[in-house]
Student: 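Below you will find the structure I want to go over with you.
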Amino acid sequence: MARKPPRAWQRMLSGRRLDLLDPSPLDVEIEDIARGLARVARWNGQTSGDHAFSVAEHSVVVEGLFHQLNPKASREERLTALLHDAAEYVIGDMISPFKAALGVDYKDFEARLEEAIHLRFGLPPKMPAKLKKKIKQCDVYCAWFEATQIAGFTVEEADKYFITPPDGVHVTIDPLPVVEAEKLFLEQFAQLSHG
């Protein structure tokens, strides 16, 4: 008797079934992304405070840094920055050392999800290299602030593992409750989508 292949789709609260091996933009909903990202903890939850710092809140902070450092960025570029970790609503936030250990297959898997998300919201499926570099820089700056404010790193350690943000660039990392992080993400999405 032949074995059935394992289930490779995730049922979302919206009712959508997202095929993880062949994701369709038609099965991507921003509410599902916001809900998932608000419940995924950065640093695997190894942070101080009453609440985990969610990927949803991290995404809003990164978009804010991107806008601050690129004030002439288009709404589309800012939306791309907000959605830079959107695939994590399905696959979670794996720490960078673990991603490196998993290798190329993981990156391909993540890229397919990212392409479906981008297509769903009218963005180019593949992020232009120049834009990707700018967003990644803001992502690493945000990680530096997270590391020094809530993850227990000294400034010296953070300077060693991340990129020190330039003078005049500062954010306060204040982990929000899940419901507030979800709302914040959806509000920023709405502003960038319709504003």
Student: Please lay out, stage by stage, how Arg35 and Tyr89 fare under the test side chain to side chain contact (heavy atoms under 4.5 Å, CB included).
Tutor: CA-CA 8 Å; Arg35 177 157 294 254; Tyr89 87 107; over 6 Å; no

Student: Check whether Phe162 and Leu69 end up in the same hydrophobic cluster, where Ile, Leu, Val, Met, Phe, Trp and Tyr are linked by side-chain heavy atoms less than 4.5 Å apart.
Tutor: yes

Student: How close do Asn70 and Lys134 get, heavy atom to heavy atom, and via which atoms?
Tutor: OD1-CD, 3.5 Å

Student: Looking only at heavy atoms, which two atoms of Glu114 and Ala87 are closest? And how far apart?
Tutor: N-CB, 4.4 Å

Student: Walk me through it: do Trp144 and Asp159 pass the test side-chain hydrogen bond (donor to acceptor under 3.5 Å, both in side chains)?
Tutor: CA-CA 8 Å; Trp144 188 94; Asp159 287 345; 2.8 Å; yes

Student: Can you find a pair of side-chain heavy atoms, one from Leu176 and one from Phe53, that are under 4.5 Å apart?
Tutor: no

Student: Report the distance from atom CD of Glu63 to atom OG1 of Thr80, rounding to the nearest 0.5 Å.
Tutor: 10.5 Å

Student: Donor-acceptor pair, distance only, cut-off 3.5 Å: does the side chain of His118 make one with the backbone of Pro124?
Tutor: yes

Student: For a 4.5 angstrom cut-off between non-hydrogen side-chain atoms, does Pro25 reach Ile117?
Tutor: no

Student: Quick check: do Met12 and Val90 have side-chain heavy atoms less than 4.5 Å from each other?
Tutor: yes

Student: Can Glu157 and Tyr161 be said to form a side-chain hydrogen bond (donor to acceptor under 3.5 Å, both in side chains), step by step?
Tutor: CA-CA 6 Å; Glu157 287 176 311; Tyr161 295 108; over 6 Å; no

Student: Using every non-hydrogen atom in the two residues, find where Leu123 and Glu76 come nearest and quote the distance to one decimal.
Tutor: CD2-CG, 3.2 Å

Student: Are the side chains of Asp139 and Lys136 in contact, using a 4.5 Å heavy-atom criterion?
Tutor: yes

Student: Nearest 0.5 Å, please: how far is OG1 in Thr164 from CD in Glu156?
Tutor: 10.0 Å

Student: Give a yes or no on whether Ile91 and Leu119 share a hydrophobic cluster (residues Ile, Leu, Val, Met, Phe, Trp, Tyr; joining criterion: side-chain heavy atoms under 4.5 Å apart).
Tutor: no

Student: So how far is it from Ile150 CD1 to Thr172 OG1, rounded to the nearest 0.5 Å?
Tutor: 11.5 Å

Student: Considering non-hydrogen atoms only, spot the tightest contact between Val140 and Ile163 and give its length.
Tutor: CG1-N, 3.3 Å

Student: Measure the shortest side-chain to side-chain distance between Leu18 and Val28 over non-hydrogen atoms and say whether it is less than 4.5 angstrom.
Tutor: yes

Student: Counting distance only, does the side-chain N/O of His67 pair as donor-acceptor with the main-chain N or O of Gly64 below 3.5 Å?
Tutor: no

Student: Is the backbone N or O of Leu21 less than 3.5 Å from a side-chain atom of Asp19, with the two atoms forming a donor-acceptor pair by type?
Tutor: yes

Student: Could you check Asp85 against Ser59 for side-chain hydrogen bond (donor to acceptor under 3.5 Å, both in side chains), going step by step and ending with a plain yes or no?
Tutor: CA-CA 7 Å; Asp85 280 339; Ser59 297; 4.9 Å; no

Student: For a quick test of reading the model, state the closest non-hydrogen atom pair linking Glu57 to Asp174 and the distance between them.
Tutor: OE2-O, 2.7 Å

Student: Going through the distances and angles, do His170 and Phe145 end up as a side chain to side chain contact (heavy atoms under 4.5 Å, CB included)?
Tutor: CA-CA 8 Å; His170 182 78; Phe145 288 119; 3.6 Å; yes

Student: Run the salt bridge (Lys or Arg N to Asp or Glu O under 4.0 Å) test against Glu29 and tell me which residues pass, sequence neighbours left out.
Tutor: Arg16, Arg120

Student: Roughly how far apart are Arg112 CZ and Glu115 CD, rounded to 0.5 Å?
Tutor: 9.0 Å

Student: Hey, quick one: are Val178 and Leu37 part of the same hydrophobic cluster, counting side-chain heavy atoms closer than 4.5 Å, chains of contacts allowed?
Tutor: no

Student: Would you mind reporting whether Phe189 and Phe121 have side-chain heavy atoms less than 4.5 Å apart?
Tutor: yes

Student: I need the Leu186 CG to Glu182 CD distance, nearest 0.5 Å.
Tutor: 6.0 Å

Student: Can you confirm whether Cys142 sits close enough to His58 that some side-chain heavy atom of one is under 4.5 Å from a side-chain heavy atom of the other?
Tutor: yes

Student: With a 4.5 Å heavy-atom cut-off, do Trp43 and Phe153 have their side chains touching?
Tutor: yes

Student: Suppose the criterion is side-chain hydrogen bond (donor to acceptor under 3.5 Å, both in side chains): which pairs have a residue in residues 47-56, not counting sequence neighbours?
Tutor: none

Student: By salt bridge (Lys or Arg N to Asp or Glu O under 4.0 Å), which residues pair with Glu77, not counting sequence neighbours?
Tutor: none

Student: Could you give me the CA-CA distance, side-chain angles and deciding distance for Phe185 and Ile30, then say whether side chain to side chain contact (heavy atoms under 4.5 Å, CB included) is met?
Tutor: CA-CA 10 Å; Phe185 183 89; Ile30 195 61; 3.8 Å; yes

Student: What verdict does the side chain to side chain contact (heavy atoms under 4.5 Å, CB included) test give for Lys126 and Lys132, after you've listed the backbone C-alpha separation in whole Å, the side-chain angles of each residue and the deciding distance to 0.1 Å?
Tutor: CA-CA 9 Å; Lys126 291 198 186 295; Lys132 188 172 189 163; over 6 Å; no

Student: Can you tell me how far the CD atom of Glu187 sits from the CG atom of Leu192, to the nearest 0.5 Å?
Tutor: 12.0 Å

Student: For residues Ala73 and Phe66, report the shortest heavy-atom separation together with the two atoms involved.
Tutor: CB-CE2, 3.5 Å

Student: Under 4.5 Å between side-chain heavy atoms, counting indirect links through other Ile/Leu/Val/Met/Phe/Trp/Tyr residues: same cluster for Ile33 and Leu20 or not?
Tutor: yes

Student: Would you kindly confirm whether Leu113 and Val62 end up in one hydrophobic cluster when ILVMFWY residues are joined by side chain heavy atoms under 4.5 Å apart?
Tutor: no

